[in-house]
2 protein chains.
Amino acid sequence: MAAPGRGVTIADVAARAGVAASTVSYVLSGKRSISPETAGRVMQAVADLGYHPHAGARSLASRRAGVIAMMLPLRDGMHLPVLMQFASGAVTEARRHDQDVLLMTADEGPAGLARVAASAIVDGLILMDVEVRDPRVEALRRLGLPSVLIGFPADAAGLTCVDLDFTAAGRACADYLRERGCGDIALLGASEAVYARRTGFAERVREGFLARSGPATVQPCPDDPVSVQRTVKELLAANPDLTGLAVHNEPAVGHVMHALADAGKRVGEDFHVVVIGPDEVAERVHPQLPSVLVPAETLAETAVRHLMRKLDGLDVPDSTLIEPQLTIR
Amino acid sequence: MAAPGRGVTIADVAARAGVAASTVSYVLSGKRSISPETAGRVMQAVADLGYHPHAGARSLASRRAGVIAMMLPLRDGMHLPVLMQFASGAVTEARRHDQDVLLMTADEGPAGLARVAASAIVDGLILMDVEVRDPRVEALRRLGLPSVLIGFPADAAGLTCVDLDFTAAGRACADYLRERGCGDIALLGASEAVYARRTGFAERVREGFLARSGPATVQPCPDDPVSVQRTVKELLAANPDLTGLAVHNEPAVGHVMHALADAGKRVGEDFHVVVIGPDEVAERVHPQLPSVLVPAETLAETAVRHLMRKLDGLDVPDSTLIEPQLTIR
DNA sequence: TTCCTCAATCGAAGCGCTTCGACGAAGTTT
DNA sequence: AAACTTCGTCGAAGCGCTTCGATTGAGGAA
């Protein structure tokens, strides 16, 4: 069970099983047929000695490191719990494919990508939180390192991208409100700043929201309390029949609730609100709101799976949109 | 700048600089003296070709992978933002030492440790969120993989551990309250459940809190609203002069504030409260409270630095306690 | 029986790097 | 001037693995 001294090698396993080292290798990789008896003896020896192939040697000989890199925006930006869910999902899925995960921060930028690519320390890469004009994307294309991006850069040609389906998120919100019997509904969007660096994002939600029949308004909105208060008031004034609101603006959620209370609306009863954003935002208000959230784990699994396929030379769709989930609380 | 075809090797660099491959290696590692002229030519060639040593080859030849593993409790437990801060700090510090970081989940358990140790894929390991009776600790000892633990297991003999100095945290709270002029102070502790798996933890805070002279009470407390409400009432009734409270019970903070308001105490004016816990808990109440928080980044840096020293054969203290930080808002 | 095929296994040749021992060429001691 | 030291560099020997022929029997086809 335990390793005896230091480093059980394939030669040790071969000796104990009474075969050549190459045979052990073939048993382990399954790349050539080996008789069941021999395979059995080899596996027994592997177990007895607690053998694990030396990762460096394997990578050198096979030109496959068995490691993928994951570059996360570890400092800021994304919602932390979502990031963790993502990381966790990625590691778990990677292990399922017998791969390990190397963690990189976005700080390393293009130079970091060049380094890991050239040193062959990883076979591929998952790049999170890709922005519209991301210098790393250019580097990636130049390096030819197999990769999957989370998010869409301006020019996604030749790249594999995965992201949340924002159009579907907008649709889901409209559907939710309509199912609650809301006739007139509105989408309170984000401030411009939030979308500055992300393409399409807001528009896609908007599109989805409006795609469903029935009267619907879309209203961008800054996220300070005063603007939110005013915007909500104006929306209600302009649409006396308004009974449903989708909020795609994380910081504004609390203020929206206040504004609605001030206007005499009882949320959950004669008025319905749904949030597009992380769980916590929707849970922290009273009453808790239903929300459409990023299925981080699914995203991660999809990204890893796509990367594995690419590494195996199989093809994958250039662009994959993950269905959002609407959680009712 | 860009790699020409696939894989610039040390031989390419050597050829371009007009030296032997070994010379290039020595220039890069600095393990033998090389004339400045030769070194210059080599470095130039390295830059010209965009050479990065093949990680696998290097690890095979030098028996050093240049990678450390970090095993995080990626699923539950710890406060997520703190975890991220930790991960980010660790990666950054590791890169400073030219190391990469392999991310593992606690799910992999002892078997995962055995795997990474035997495959020599990493040189060392940082194990987060160690529990009193942690099966991984035993595995670690058996494997002899250089490591640093965050937290203290029951038997820490022969291991390197780093953790927050909880006694100091307790002291800091008492000091804070006394400085605000509070004569009589109390510590509202956690429910037993929270500490079940962590040794000393609560006691250490208690000790630190009581270490300062002056009247002080310590009161454990479950975290449901009713118990908190009752506990606070009782504390106030028993100590009419109580004007300062330290809360070492994350979920209870909000309830404590309500109870105090009900009792007519104006926090920040005639009554003072300090929290031991993550920022967010202290920020989410009104008024925002001062808090003692886990300096995750410092913890991570310390852990990585200690591990590096161990890998270099230098010695490090068995046990290191990190000073908590009291943030005033 | 002889020839061919195919499954099962072996041996050897690297993968790209580090490191050890050697070896000239200077520079120091005697 | 002979005998040592450095100093700077080179060549070769692996590190542990995968992979590519080559080899050996055994079973079928002819």
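Below, read A as the first sequence line, B as the second, and so on, with proteins coming before strands; counting in each chain starts at 1.
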Within residues 52-61 of chain B, find the residues that approach DNA chain D with a heavy atom at under 4.0 Å, and present them sorted by residue number.
B:Leu60, B:Ala61

Rounded at 0.5 Å granularity, tell me how far OG1 in B:Thr92 sits from CG in A:Asp107.
5.5 Å

Between B:Arg115 and A:Asp100, is the closest basic N to carboxylate O distance under 4.0 Å?
yes

State which of D:dC7, C:dC10, D:dT19 makes the closest approach to the side chain of A:Thr23.
C:dC10

What is the distance from CD1 of A:Ile10 to P of D:dG14, rounded to the nearest Å?
19 Å

Classify every nucleotide of nucleotides 20-25 of chain C by which part a protein heavy atom approaches to under 4.0 Å, writing B for the base, S for the sugar-phosphate alone and - for neither, in 5'-to-3' order.
BBB---

Can you check whether B:Ser33 has a side-chain N or O nearer than 4.0 Å to OP1 or OP2 of D:dG8?
yes

What distance separates B:Leu103 CG from B:Leu72 CG, expressed to the nearest 0.5 Å?
5.5 Å

What is the bend of the helix from C:dT1-D:dA30 to C:dT30-D:dA1 when you compare the axis at one end with the axis at the other, using five pairs each and rounding to 10°?
50°

State the CZ-CG distance between A:Arg136 and A:Leu149, to the nearest 0.5 angstrom.
9.0 Å

Whole-Å distance, B:Arg63 CZ to C:dG16 P, equals 20 Å

Tell me: CZ of A:Arg64 to P of D:dT18, nearest whole Å?
13 Å

Nearest-angstrom distance from the residue atom CD1 of B:Ile121 to C1' of D:dG16
15 Å

Integer-rounded Å distance: C:dT9 P and A:Lys31 NZ:
18 Å

Output yes when at least one side-chain N/O atom of A:Ser35 is less than 4.0 Å from OP1 or OP2 of C:dT9, else no.
yes

Any salt bridge linking B:Asp155 with B:Arg141? Criterion: basic side-chain nitrogen under 4.0 Å from a carboxylate oxygen.
yes

Distance only, no hydrogens: is a donor on one side chain within 3.5 Å (strictly under) of an acceptor on the other, for B:His54 and B:Thr9?
no

Give a yes/no on whether any side-chain N or O of A:Thr38 is located under 4.0 angstrom from OP1 or OP2 of C:dT9.
yes

Inter-residue atom distance A:Arg309.CZ - A:Asp315.CG, 0.5 Å rounding
6.5 Å

Between A:Ser62 and D:dT18, is there a side-chain N or O to OP1/OP2 distance below 4.0 Å?
no

Closest-nucleotide 5' rank along DNA chain D - winner of B:Ala20 and A:Thr9
B:Ala20

Rounded to the nearest 0.5 Å, what's the gap from CD1 on A:Ile322 to CD1 on A:Ile150? Could you check?
8.5 Å

Atom CG of B:Leu113 and atom CD of B:Glu138: how far apart are they, to the nearest 0.5 Å?
11.5 Å

B:His97: which of B:Arg95, B:Gln99, B:Glu93 passes side chain to side chain donor-acceptor pair (under 3.5 Å)
B:Glu93

So, are B:Lys310 and B:Asp123 salt-bridged, with charged N and O less than 4.0 Å apart?
no

